[in-house]
Amino acid sequence: MNKIAPRQLYFFLACIAPLGKLVLLPTQLAHYSANDLLFPAAINFLLQAGIVFLIMLLARSNKTFYDLLVNTFGKIVGKILICIFAAFLFFISFLPILEQKLLVQSVFYDTLPSVVAFSSFFLFSAYLCAKPASVLGRTWDILGPLAIAGMVGILVFALPVTDFGALAPVGVTGAKSIFFSTAYTLNWFYDSAILLLLVGRFEYKKGMAWKSVVFYLIGAAAILFFLAVFYGVYEGLAVRQIFSFSKIGKYNSGVTVLGRIDYLFVFALTLGMAFYCALPVQLGVGCLVDTFGADKCKPALFSVGINLVIFILSILLDYQFAAINTTVNEKLWFLPPVFCVLVPILALLLRRKPRERKVR
């Protein structure tokens with residue numbers, strides 16, 4: 001099996017993982033904590049960075065998460081546990097996919113019905129999810145530089161109209177608002193769950209633990225800077241500015257003269273987002289393949305079946321996004337910490353070697 005190179009994993013942590021925080025997270029943070037939005041975001045990033053470090057320590061065994069479960073609990077219990085984790089990945093992927101659907105419909109194809117505008121995503125996702133995780137490395141080699149160019153371009157256009165004074169006075173919303181803002185935005189911070197499923201798909205090398213944390217924090221710093229620019233541009237109107245990354249640069253005088261050239265950078269970021277949104281589904285399908293075998297057409301069948309279910313749900317719940325958003329973020333906020341924090345910590349206790357059978 002071709003394994004993901006360390007360079008490619010660093011591209012994911014620094015460039016691809018941050019993209020999932022650009023669509024609706026800024027608005028959610030502004031809603032809960034106003035000008036203090038940097039604090040809950042920083043708390044969640046630092047928490048994820050700590051878990052990334054622990055997972056990289058686990059990766060020294062060069063065993064997959066599924067193999068570690070089987071070594072510890074046996075095949076039957078290991079299969080059950082990995083299927084539960086797959087169910088969480090499918091669950092956590094649904095809201096980001098709906099975000100992308102709204103983004104595509106509102107920003108790119110506002111005159112087309114939502115089903116027509118976004119159905120191609122599921123064809124792309126079904127194809128990607130049928131592929132093994134080893135193909136991700138080559139994808140990240142391409143998407144990493146694109147994401148960097150897109151983020152830099154958007155920020156360059158937005159900086160001239162940014163008033164960082166809008167972030168003051170610091171702490172005015174209070175500790176309670178910052179706490180709830182941290183809890184109610186956990187749904188966007190599932191990078192550790194993705195990384196846990198990538199364990200064993202890349203070969204651990206000396207120093208990767210701290211290097212991975214550094215690259216993840218570089219991506220986190222980019223998002224925190226974007227959030228500061230976002231609030232500095234919109235200030236009190238930030239709670240209404242959904243899909244802000246796609247329009248934050250249009251207020252620049254250069255855009256007025258040359259047209260929406262900032263869309264070049266928006267397209268670059270959106271391409272990376274499409275792959276990132278499909279990633280939990282792809283890894284969840286990989287869990288099912290580990291459980292039930294990869295022979296013949298099983299990966300393709302799992303991929304098509306799961307994507308078809310998500311596609312049907314996205315149609316049935318087309319006008320229920322606000323209710324889904326509230327339910328996932330405010331009622332089920334405790335699920336991400338269980339699978340993205342508690343499970344990776346407990347995974348350090350898993351056996352690296354298979355249990356020896358006693359011979360009678």
Side-chain angles (χ1 to χ4, degrees), residues 1-18 44-75 77-86 88-89 92 132-141 144 189-220 276 279-280 282-284 286-287 289-291 294 336-357:
M1 179 182 68
N2 294 326
K3 291 196 173 184
I4 298 169
R7 176 197 71 254
Q8 296 166 337
L9 186 67
Y10 299 150
F11 265 138
F12 166 72
L13 292 172
C15 306
I16 312 303
N44 279 325
F45 273 123
L46 290 173
L47 178 61
Q48 285 292 290
I51 302 301
V52 166
F53 181 79
L54 296 179
I55 292 175
M56 295 307 294
L57 295 181
L58 182 69
R60 291 182 298 181
S61 66
N62 284 318
K63 301 286 185 181
T64 66
F65 183 49
Y66 173 72
D67 290 336
L68 293 171
L69 288 174
V70 171
N71 289 347
T72 306
F73 300 106
K75 283 190 175 181
V77 176
K79 289 177 183 292
I80 293 173
L81 292 176
I82 202 68
C83 285
I84 293 174
F85 203 88
F88 168 74
L89 290 174
I92 206 72
S134 58
V135 305
L136 292 171
R138 296 189 294 273
T139 304
W140 294 337
D141 272 334
F189 294 87
Y190 53 85
D191 306 314
S192 57
I194 291 176
L195 186 61
L196 185 60
L197 266 296
L198 293 176
V199 166
R201 314 292 181 184
F202 59 89
E203 187 172 353
Y204 182 88
K205 294 186 178 180
K206 186 178 180 180
M208 280 190 71
W210 68 266
K211 289 179 183 178
S212 297
V213 172
V214 169
F215 279 100
Y216 186 77
L217 290 177
I218 289 173
Y276 183 73
L279 185 54
Q282 181 182 10
L283 295 177
C287 291
V289 171
D290 288 338
T291 303
V338 171
F339 288 90
C340 302
V341 178
L342 182 61
V343 170
I345 292 175
L346 294 178
L348 292 173
L349 304 176
L350 297 176
R351 296 173 60 93
R352 273 47 167 187
K353 297 181 180 180
R355 292 181 296 180
E356 294 181 2
R357 294 184 178 180

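Quick note: numbers below take in every heavy atom, side chains included, and nothing from hydrogens, waters or symmetry partners.
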Q) Nearest heavy-atom pair of I51 and C340: which atoms, and what distance? A) CG2-O, 3.5 Å
(Q) Once rounded to the nearest 0.5 Å, what's the spacing between atom CG of D191 and atom CG of L13? (A) 8.0 Å
Q. Which value, rounded to the nearest 0.5 Å, describes the distance between L69 atom CG and K75 atom NZ?
A. 14.0 Å
Q: Please assess V214 against Y10 for the test side chain to side chain contact (heavy atoms under 4.5 Å, CB included), listing each intermediate value before the final yes or no.
A: CA-CA 9 Å; V214 169; Y10 299 150; over 6 Å; no
**Q.** Distance, nearest 0.5 Å, that separates CG of L136 from CG of L279
**A.** 6.0 Å
Q) Does the ring centre of F65 sit less than 6.0 Å away from the ring centre of F85? A) yes
Q: For G284 and A86, work out which heavy atoms get closest and say how close.
A: O-CB, 3.7 Å
Q.
Assess the residue pair F53 and Q48 against the criterion (side chain to side chain contact (heavy atoms under 4.5 Å, CB included)); give the C-alpha distance rounded to whole Å, side-chain angles, the decisive distance to 0.1 Å, and a yes or no.
A. CA-CA 9 Å; F53 181 79; Q48 285 292 290; over 6 Å; no
Q: Report yes if some heavy atom in the side chain of M208 is under 4.5 Å from a heavy atom in the side chain of F202; otherwise report no.
A: yes
Q | side chain to side chain contact (heavy atoms under 4.5 Å, CB included) evaluation trace for L68 with S61 | A | CA-CA 9 Å; L68 293 171; S61 66; 4.1 Å; yes
Q | Inter-residue atom distance F12.CZ - F215.CZ, 0.5 Å rounding | A | 14.0 Å
**Q.** Side-chain heavy atoms of L342 within contact of L346, under 4.5 Å
**A.** yes
Q) Hey, which of L217, V52, L195, I55 is the one that makes side-chain contact (heavy atoms from CB on, under 4.5 Å) with S212? A) V52
Q: Please confirm whether the backbone N or O of V135 pairs with a side-chain atom of R138, one donor and one acceptor, at under 3.5 Å?
A: no
(Q) Taking the ring centre of each residue, are F189 and Y216 less than 6.0 Å apart? (A) no
(Q) Tell me the closest heavy-atom pair linking L57 and A209, and the distance in Å. (A) CD2-CB, 4.2 Å
Q: Flag the pair F339 / I84 as yes when at least one side-chain heavy-atom distance between them is below 4.5 Å, and no otherwise.
A: yes
**Q.** Pair Q8-D141, side-chain donor/acceptor within less than 3.5 Å
**A.** yes
(Q) If I compare all heavy atoms of A49 with all of V213, which pair ends up nearest, and what's the gap? (A) O-CG2, 3.6 Å
Q) Distance only, no hydrogens: is a donor on one side chain within 3.5 Å (strictly under) of an acceptor on the other, for Y66 and N71? A) no
(Q) For L350, is there any backbone N or O sitting under 3.5 Å from a side-chain donor or acceptor partner on T72? (A) no
Q. Step by step, would you call Y204 with V199 a side chain to side chain contact (heavy atoms under 4.5 Å, CB included)?
A. CA-CA 9 Å; Y204 182 88; V199 166; over 6 Å; no
Q) Are any non-hydrogen side-chain atoms of Y190 and P336 less than 4.5 angstrom apart? A) no
Q | Heavy-atom pair with the smallest gap, counting every atom of P6 and E203 | A | CG-O, 4.4 Å
**Q.** Minimum-distance pair of heavy atoms, taken over all atoms of P280 and Y276
**A.** CD-O, 3.2 Å
Q) Under 4.5 Å between any side-chain heavy atoms of D67 and R351, yes or no? A) no
Q. Does the side chain of L54 come within less than 4.5 Å of P344's, by heavy atoms?
A. no
Q: Mind checking the NZ-NZ spacing from K211 to K206? Nearest 0.5 Å is all I need.
A: 10.0 Å
Q: Please check if atom NZ in K79 has more than 12 non-hydrogen atoms from other residues, nucleotides or ligands closer than 6.0 Å.
A: yes
Q.
Whether D290 and R201 form a salt bridge (side-chain N of Lys/Arg under 4.0 Å from carboxylate O of Asp/Glu) is what I want to check.
A. yes
Q: Kindly compute the distance separating OG (S192) from CG (L197), expressed to the nearest 0.5 Å.
A: 10.5 Å
